[in-house]
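Naming convention: chains lettered A, B, ... in sequence-line order (proteins, then strands); numbering from 1 in each chain.
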Amino acid sequence: MAHRFQSVRGFNDVLPPDSALWQHLHAVAARCFSAYGYGEIRLPLVEHTALFARSIGEVTDIVEKEMFTFQDREGDSLTLRPEGTASCVRAGLEHGLLHNQQQRFWYAGPMFRHERPQAGRYRQFHQLGVEAYGMAGPDIDVEVIAMSARLLRALGIAGVRLEINSLGSSETRARYRTALIAYLERHVDALDPDSQRRLQRNPLRVLDAKAPQTQDVLRAAPTLLDALDAESRAHFDALRQGLEDMGIPYTVNPHLVRGLDYYGRTVFEWITDQLGAQGTVCAGGRYDGLVEQLGGAPTPAVGWASGVERLILLMKAQGVTAPEAAPHAYLCALGEAAQRQAHRLAEHLRDVLPTLRLVVNAGGGKLAAQLKRADRSGARLALILGEAELAAANIQVKSLRATPAGATSSQQQTLTWTELPARLGGLLDSP
RNA sequence: GUGACCGUAGCUCAGUCGGUAGAGUCCCAGAUUGUGAUUCUGGUUGUCGCGGGUUCGAGCCCCGUCGGUCACCCCA
């Protein structure tokens with residue numbers, strides 16, 4: 001036998017029946033986003049590498065060691081997108097959609113990061129995200145958070161909690177950063193090694209360190225919330241009021257920070273402890289500086305992204321199932337003439353009943369074997385077309401599954417071809 | 001990037017002290033049967049992830065590599 005390939009590490013196939021759950025998730029999400037007037041934006045998977053360096057931040061782990069970057073044939077440095085926001089802003093600017101306008105977008109698709117795979121973390125993973133531009137007020141922050149809450153609810157996901165924080169203005173952050181560094185340097189020996197490293201590179205990230213000894217040090221550290229400027233404070237207070245008005249429970253986590261440099265003021269995360277170490281299901285915040293940083297006019301912006309694999313894991317953990325996708329009927333044909341007629345009949349039935357799911361047995365075989373396949377397909381009915389039925393222009397209809405009324409599984413009847421559509425129509429899902 | 005565990009039939013797994021591979025399931029054929037359940041009989045399925053090494057001999061020991069799982073790190 002020839003050599004068999006394995007998939008590339010961290011790149012996964014999605015197979016039936018899981019793919020049905022993915023379809024369900026996307027259908028629910030699309031309905032949810034359009035309910036708020038958000039339009040779908042479809043973005044390329046590849047961008048110029050510099051776009052991500054400039055938006056996500058040069059000294060972030062994502063840019064420094066996690067991007068799939070390559071040279072194309074002209075020698076340009078290109079990168080498989082590690083997230084969606086940078087592309088969204090680039091596209092908005094490129095097509096003049098962000099200039100003095102309000103825009104609401106959503107997107108979905110694969111992202112790529114070269115990390116070691118583990119539960120809920122893959123090298124090709126998928127995100128759903130929303131972005132809103134040109135609206136500075138806290139009410140739009142509330143809107144996008146409400147939308148995320150509605151999406152989670154619509155997907156049947158429970159047991160997630162919302163945490164929020166404010167990173168303040170960039171001036172606030174710079175001032176706070178200095179104060180935090182000063183404090184941490186006095187306790188540097190008590191920090192875990194990772195946090196000592198972070199202290200040099202990205203001090204705010206020390207705040208969400210897991211190591212207990214670092215948590216101890218942080219208890220007496222200055223907090224971002226105490227350092228907030230007056231405007232950010234008012235924005236944050238209004239956000240909290242808005243969430244309360246909407247009845248969305250949340251907790252303020254003063255240690256919540258973001259791994260991407262472009263965030264300021266509002267940040268939030270939906271967190272679960274049902275997924276092991278990768279507990280963040282949805283995360284986002286305000287990024288008022290990014291559009292200008294990418295060459296546009298100063299434009300307020302807010303958005304979030306959610307990890308599809310993590311949502312799917314949660315849905316499965318909670319027993320959420322996709323709508324029924326098994327065929328309604330399975331057509332068994334005995335003999336060559338009947339097989340030919342079976343395919344013609346099936347096409348006719350699909351014309352008459354556009355939502356019918358009908359499988360035609362292929363390749364012949366004994367009736368017993370065909371019925372076995374019919375049963376395994378999950379079909380409710382088996383349709384049997386043999387030589388006798390062919391001659392009489394009728395068909396045998398056999399129940400494979402008990403109906404809700406509790407009928408036995410051996411029910412069988414003979415119908416003419418013209419009676420068949422009405423019988424099958426009775427099986428179709430009500431809209 | 002660091003660490004731990006794992007990879008044997010389509011699937012779930014056994015395989016002792018190193019002696020050229022086994023069960024259940026699935027699938028196929030037949031018997032029974034009420035044309036698909038059940039029961040019975042018989043049968044097919046393997047480069048033991050891949051490549052080296054040690055050995056008379058490797059699924060088993062050693063090295064490398066690819067893939068999986070989990071944690072760190074990072075993050076959705």
Side-chain angles (χ1 to χ4, degrees), chain A residues 1-13 56-57 60-67 81-85 107-130 148 160 192-195 197-198 201-202 205 208-211 256-260 263 268-272 275-285 303-314 330 332 334 361 365-379 381-386 388-389 396-402 408-412:
Chain A
M1 277 220 271
H3 172 260
R4 287 210 203 180
F5 290 99
Q6 294 172 295
S7 67
V8 175
R9 164 170 277 195
F11 288 71
N12 301 124
D13 303 306
I56 298 170
T60 56
D61 277 18
I62 294 179
V63 169
E64 283 195 326
K65 44 195 187 193
E66 294 178 359
M67 297 204 305
R81 62 182 187 189
E83 58 109 39
T85 300
Y107 62 85
M111 308 292 166
F112 305 86
R113 292 183 200 170
H114 194 109
E115 300 180 276
R116 192 81 158 255
Q118 72 187 70
R121 190 175 85 178
Y122 311 99
R123 289 187 177 180
Q124 176 179 326
F125 64 103
H126 297 78
Q127 286 189 335
L128 295 170
V130 305
S148 65
V160 288
D192 65 282
D194 280 326
S195 292
R197 178 178 53 80
R198 276 187 286 239
R201 294 170 38 83
N202 199 345
R205 300 236 36 129
D208 61 6
K210 288 179 187 171
L256 182 65
V257 291
R258 310 269 62 220
L260 289 67
Y263 286 104
F268 65 92
E269 276 186 28
W270 287 96
I271 300 169
T272 177
L275 292 183
Q278 310 299 324
T280 301
V281 173
C282 173
W304 52 256
S306 186
V308 173
E309 285 82 355
R310 294 180 187 179
L311 293 173
I312 294 281
L313 284 170
L314 276 180
Y330 190 102
C332 309
L334 303 166
N361 182 72
K366 290 186 156 183
L367 182 56
Q370 294 195 34
L371 282 171
K372 209 168 185 178
R373 283 196 280 269
D375 193 39
R376 236 189 320 263
S377 75
L381 293 183
L383 310 177
I384 302 167
L385 188 64
E389 288 84 4
Q396 292 196 54
V397 179
K398 183 176 178 60
S399 292
L400 296 172
R401 279 171 175 62
T408 68
S409 60
S410 60
Q411 275 187 342
Q412 191 159 341

### Message
Is any side-chain heavy atom of A:Glu309 closer than 4.5 Å to one of A:Gln278?
### Response
no

### Query
Whom does B:rU20 pair with, Watson-Crick or G-U wobble, provided both distances fall under 3.5 Å?
none

### Task
Starting from P on B:rC27, measure out to CD on A:Gln370 and report it in whole angstrom.
15 Å

#### Entry: Rounded C1' spacing from B:rA29 to B:rC6 in Å
38 Å

### Task
Please determine, for B:rA31, whether a Watson-Crick or G-U wobble partner exists with both distances under 3.5 Å, and give it or none.
B:rU39

### Message
Please check this pair: side chain of A:Arg310 against backbone of A:Gly120, looking for a donor-acceptor N/O pair closer than 3.5 Å.
### Response
yes

### Task
Can you tell me, in whole Å, how much space there is between the P of B:rG15 and that of B:rC60?
15 Å

### Summary
A:Ile56 atom CD1 is separated from B:rC75 atom C1', nearest whole Å, by 11 Å

### Message
Taking the C1' atom in each of B:rC28 and B:rU44, what is the distance between them to the nearest angstrom?
### Response
7 Å

### Task
For A:Leu367 and for A:Asn202, find the nucleotide of RNA chain B with the closest heavy atom, then tell me which residue's nucleotide is more 5'.
A:Leu367

### Task
Using a strict cut-off of less than 4.0 Å between a Lys/Arg side-chain nitrogen and an Asp/Glu carboxylate oxygen, indicate whether A:Asp194 and A:Arg197 qualify as a salt bridge.
yes

### Whole angstrom value for the distance that separates C1' of B:rG3 from CD of A:Gln118
12 Å

### Task
Using a 4.0 Å heavy-atom cut-off across all strands, classify A:Gly129 as base, sugar-phosphate, or nothing.
nothing

### Task
Specify the closest pair of heavy atoms between A:Trp270 and A:Ser148, including all atoms of both residues, with the distance to one decimal.
NE1-OG, 2.8 Å

### Summary
Between CZ of A:Arg373 and C1' of B:rG36 the distance, given in whole Å, is 12 Å

### Message
Can you see if the side chain of A:Arg116 gets near the phosphate of B:rG3 - specifically, an N or O under 4.0 Å from OP1 or OP2?
### Response
no

### Query
With side chains defined as the heavy atoms from C-beta onward, is the minimum distance between A:Val130 and A:Trp304 less than 4.5 Å?
yes

### Message
For a quick check of understanding: with a heavy-atom distance under 4.0 Å over all strands, which category does A:Thr60 fall into, base, sugar-phosphate or nothing?
### Response
nothing

### B:rG52 and B:rG57, which share atom name P, separated by this distance in whole Å
15 Å

### Message
Once you apply a heavy-atom cut-off of 4.0 Å, does A:Ala368 come out as touching a base, just sugar-phosphate, or nothing?
### Response
sugar-phosphate

### B:rU20 and B:rC56, which share atom name C1', separated by this distance in whole Å
14 Å

### Query
Taking any strand in view, what nucleotide pairs with B:rG3 in a Watson-Crick or G-U wobble way, both distances under 3.5 Å?
B:rC70

### Summary
Of the listed B:rG3, B:rG30, B:rG67, the closest approach to the A:Val8 side chain comes from B:rG67

### Message
Can you measure A:Lys210 atom NZ to B:rA71 atom P for me and round it to whole angstrom units?
### Response
8 Å

#### Entry: Candidates A:Arg81, A:Arg123, A:Gln124, A:His126 - the one meeting side-chain contact (heavy atoms from CB on, under 4.5 Å) with A:Met111
A:Arg81

### Message
Say we look at B:rA14 and B:rA21: how far apart would their C1' atoms be, to the nearest angstrom?
### Response
11 Å

### Query
Taking for each residue the nucleotide of RNA chain B bearing the nearest heavy atom, is the 5' side occupied by A:Arg9 or by A:Lys366?
A:Lys366

### Message
Counting the atoms with a prime plus P, OP1 and OP2 as sugar-phosphate, which does A:Gln278 contact under 4.0 Å by heavy atoms, base, sugar-phosphate, or nothing?
### Response
base

### Task
Looking at every strand, decide which applies to A:Gly279 at a 4.0 Å heavy-atom threshold: base, sugar-phosphate, or nothing.
nothing

## Note on the structure
In whole angstroms, the gap separating P of B:rG68 from CG of A:Asn12 amounts to 7 Å

### Query
Side-chain N or O of A:Arg205 less than 4.0 angstrom from OP1 or OP2 on B:rC73?
no

### Query
Which is true for A:Asp194 with a 4.0 Å heavy-atom rule: it touches a base, it touches only sugar-phosphate, or it touches nothing?
sugar-phosphate

#### Entry: Donor on one side chain, acceptor on other, A:Glu389 and A:Gln396, under 3.5 Å
yes

### Query
B:rA71, B:rC73, B:rG36: which one has an atom nearest the side-chain heavy atoms of A:Leu400?
B:rG36

### Query
Rounded to whole angstroms, how far apart are CG on A:Asn361 and P on B:rG36?
15 Å

### Stepwise side-chain contact (heavy atoms from CB on, under 4.5 Å) check, A:Leu383 with A:Cys332
CA-CA 6 Å; A:Leu383 310 177; A:Cys332 309; over 6 Å; no

### Task
Would you indicate which nucleotide in B:rC26, B:rG36, B:rA71 comes nearest to any side-chain atom of A:Arg376?
B:rC26

## Note on the structure
The reported gap from CZ in A:Arg258 to CG in A:Asp208 (rounded to nearest 0.5 angstrom) is 9.0 Å

### Query
B:rC73 C1' sits how many Å from A:Lys65 NZ, rounded?
7 Å

#### Entry: No-H, no-angle donor-acceptor pair, A:Arg310 side chain to B:rC75 base, under 3.5 Å
yes

### Query
Nearest to the side chain of A:Arg198, which nucleotide is it out of B:rC73, B:rG36, B:rG67?
B:rC73

### Message
Nearest to the A:Ala119 side chain among B:rC75, B:rC70, B:rG36, which nucleotide is it?
### Response
B:rC70

#### Entry: Base of B:rC73 paired with side chain of A:Arg121 (donor-acceptor, under 3.5 Å)
yes

### Task
Pick base, sugar-phosphate or nothing for A:Val308, based on heavy-atom distances below 4.0 Å to the nucleic acid.
nothing

#### Entry: Nucleotide forming a Watson-Crick or wobble pair with B:rC26, both distances under 3.5 Å
none

### Query
B:rU16 and B:rG22: how far apart are their C1' atoms, nearest whole angstrom?
14 Å

### Query
Given the C1' atoms of B:rG51 and B:rG7, what is the spacing between them in whole Å?
16 Å

### Query
Between B:rC74, B:rG30, B:rC75, which nucleotide gets closest to the side-chain atoms of A:Asp61?
B:rC74

### Summary
Quick note, A:Arg113 side chain, CB onward, closest among B:rC26, B:rG68, B:rA76 is B:rA76

### Query
Counting side-chain heavy atoms from C-beta on, which of B:rG3, B:rG7, B:rC75 comes nearest to A:Gln6?
B:rG7

### Paired nucleotide for B:rG59 [Watson-Crick or G-U wobble; both distances under 3.5 Å]
none

